[in-house]
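Scroll down for the structure; my scribbles are underneath it.
Nothing here was measured: the structure is a model prediction, and the numbers come from that model. Residues take their numbers from the sequence shown, with the count starting at 1.
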Amino acid sequence: FEWLKDNAVVFQDGFESNNYTAWTGTASGDGGTLATVSDQAREDTYSSKLAATQTISYGYPYKSITNTTRLYVRIYWRIDTLLSGNWKAVHGAIRFSSTVGGANTARWSYWTDGTGIGGWRFFRWYPSYVESAVDVTYGPSANTWHCLEATLLISATVGEYKFWVDGNESTGLTETGLDTSGAGNINQFRVQTDGATHSSATWNLWVDSVVADDANYIGPIQKYAFIL
């Protein structure tokens, strides 16, 4: 169990209920099956698993929240089969929706670049549509829990997008000083993957320890020792 001393936390789920009742809903398809499981867990017993049987499989839980102009979402993310080849993708590790833009607001994804090296890529729709380059600085490893965190600030003058991997800011995916007000307010997020062009027909993706905060950076799980 992760203890968070932060009254700005708007959602927290480690899937320990062994279901998705804490979420607004789920979606899956194209050969993908989404379920809570105990075969892997970053914390405690359960996690959310996408079992993929096609290169294009997808599956994700999504959560609607009270409208906000700032949101941080942190997840732990694990994949058993890395992408290989050029310009392959597992989309939407984290994705934000807004009152105006809907799902076309901001999305952070696992990609390979034009040389087949794996990293992270960012798509944003405000103030205009931009696809970032693949930042390979903190590319993932197979069968390893990675801490991913993304934030969006809605503002006419100081709007920003940021992304962290294992506590390290991915500066190649950072944009600040933007007018993001056209998106309206952030009102939903989804995690895991909402689409793929994987290089393998069978692969598995787990997510655990999800936290959403409407004011503060969350960061990796911290362990505390209490002396009684």
Side-chain angles (χ1 to χ4, degrees), residues 2 4-13 22-24 60-77 89-111 119-138 146-195 207 209-222:
E2 181 182 9
L4 294 164
K5 188 180 179 181
D6 182 354
N7 59 12
V9 169
V10 297
F11 181 75
Q12 182 177 5
D13 190 30
W23 296 79
T24 304
Y60 58 88
Y62 59 91
K63 180 66 177 180
S64 297
I65 59 172
T66 302
N67 289 357
T68 182
T69 57
R70 164 73 88 176
L71 187 65
Y72 292 83
V73 171
R74 189 218 62 197
I75 67 174
Y76 275 83
W77 181 100
V90 176
H91 300 289
I94 302 173
R95 186 166 187 162
F96 290 171
S97 296
S98 63
T99 53
V100 175
N104 291 336
T105 300
R107 179 170 70 172
W108 294 264
S109 306
Y110 166 43
W111 277 73
W120 304 98
R121 197 176 187 195
F122 166 56
F123 294 69
R124 54 94 159 160
W125 280 260
Y126 294 92
S128 59
Y129 180 67
V130 168
E131 301 178 2
S132 78
V134 179
D135 187 341
V136 302
T137 308
Y138 304 109
H146 291 286
C147 178
L148 308 180
E149 184 163 347
T151 190
L152 165 59
L153 173 63
I154 303 291
S155 169
T157 56
V158 293
E160 67 177 22
Y161 304 88
K162 291 185 177 182
F163 185 67
W164 294 264
V165 181
D166 298 326
N168 302 293
E169 184 176 346
S170 176
T171 56
L173 276 60
T174 292
E175 290 192 283
T176 60
L178 301 174
D179 178 4
T180 55
S181 60
N185 290 310
I186 307 161
N187 65 354
Q188 189 180 98
F189 67 90
R190 64 181 70 162
V191 300
Q192 209 131 2
T193 179
D194 55 11
V207 163
S209 304
V210 180
V211 179
D213 190 300
D214 64 6
N216 304 304
Y217 170 73
I218 303 155
I221 291 173
Q222 302 295 316

#### Entry: Glu169 and Thr174: side chain donor to acceptor below 3.5 Å
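Distance-only check passes for Glu169 and Thr174.
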#### Entry: Trace of the side chain to side chain donor-acceptor pair (under 3.5 Å) decision for Arg95 with Asn104
CA-CA 9 Å; Arg95 186 166 187 162; Asn104 291 336; 3.1 Å; yes
How about [X] and [Y]: do any of their side-chain heavy atoms sit closer than 4.5 Å?
{"X": "Arg107", "Y": "Arg190", "value": "no"}
{"X": "Trp120", "Y": "Leu173", "value": "yes"}
{"X": "Val211", "Y": "Val9", "value": "yes"}
{"X": "Ile75", "Y": "Gln192", "value": "no"}

### Message
Determine whether Asn187 and Ser97 satisfy the following criterion, side chain to side chain contact (heavy atoms under 4.5 Å, CB included), listing intermediate values before the conclusion.
### Response
CA-CA 6 Å; Asn187 65 354; Ser97 296; 3.9 Å; yes
### Task
Please name the residue in the list Phe122, Trp111, Phe163, Tyr161 that meets the side chain to side chain contact (heavy atoms under 4.5 Å, CB included) test with Ser132.
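Among the candidates, only Phe122 passes.
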### Query
In a check of side chain to side chain contact (heavy atoms under 4.5 Å, CB included) between Leu71 and each of Asn185, Leu153, Thr151, Ile65, which one passes?
Ile65
Looking only at heavy atoms, which two atoms of [X] and [Y] are closest? And how far apart?
{"X": "Ser98", "Y": "Ala183", "result": "OG-O, 2.9 Å"}
{"X": "Thr180", "Y": "Gly159", "result": "OG1-CA, 3.6 Å"}
{"X": "Ser209", "Y": "Tyr76", "result": "CB-CD1, 3.8 Å"}
{"X": "Ala212", "Y": "Val73", "result": "CB-CG2, 4.1 Å"}
{"X": "Ala215", "Y": "Ala8", "result": "CB-CB, 3.6 Å"}

Mark yes or no for whether [X], through its side chain, and [Y], through its backbone, hold a donor-acceptor pair below 3.5 Å.
{"X": "Thr193", "Y": "His91", "value": "yes"}
{"X": "Gln222", "Y": "Pro220", "value": "yes"}
{"X": "Lys63", "Y": "Ala22", "value": "yes"}
{"X": "Thr24", "Y": "Ser64", "value": "yes"}
{"X": "Asp213", "Y": "Ile218", "value": "no"}

### Message
I'd like to know if Arg70 pairs up with Glu160 as an ion pair, taking the criterion as any Lys NZ or Arg NE/NH1/NH2 lying under 4.0 Å from an Asp or Glu carboxylate oxygen.
### Response
yes
### Query
Going by the angle between their ring planes, with limits at 30° and 60°, are His146 and Trp77 parallel, tilted or perpendicular?
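It falls in the tilted class, 30° to 60°.
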#### Entry: side chain to side chain contact (heavy atoms under 4.5 Å, CB included) between Ile154 and Tyr126, worked out
CA-CA 9 Å; Ile154 303 291; Tyr126 294 92; over 6 Å; no
#### Entry: From Tyr138 atom OH to Thr171 atom OG1, the distance as rounded to the nearest 0.5 Å
7.0 Å
### Message
Just verifying a value: how many Å separate Leu178 CG and Arg124 CZ, rounded to the nearest 0.5 Å?
### Response
5.5 Å
### Query
Between Trp108 and Phe96, is the gap from one ring center to the other below 6.0 Å?
yes
### Query
Does Phe11 have its ring centroid less than 6.0 Å away from the ring centroid of Trp23?
yes
### Task
Take Tyr110 and Leu148, measure what side chain to side chain contact (heavy atoms under 4.5 Å, CB included) needs, and give me the verdict at the end.
CA-CA 11 Å; Tyr110 166 43; Leu148 308 180; over 6 Å; no
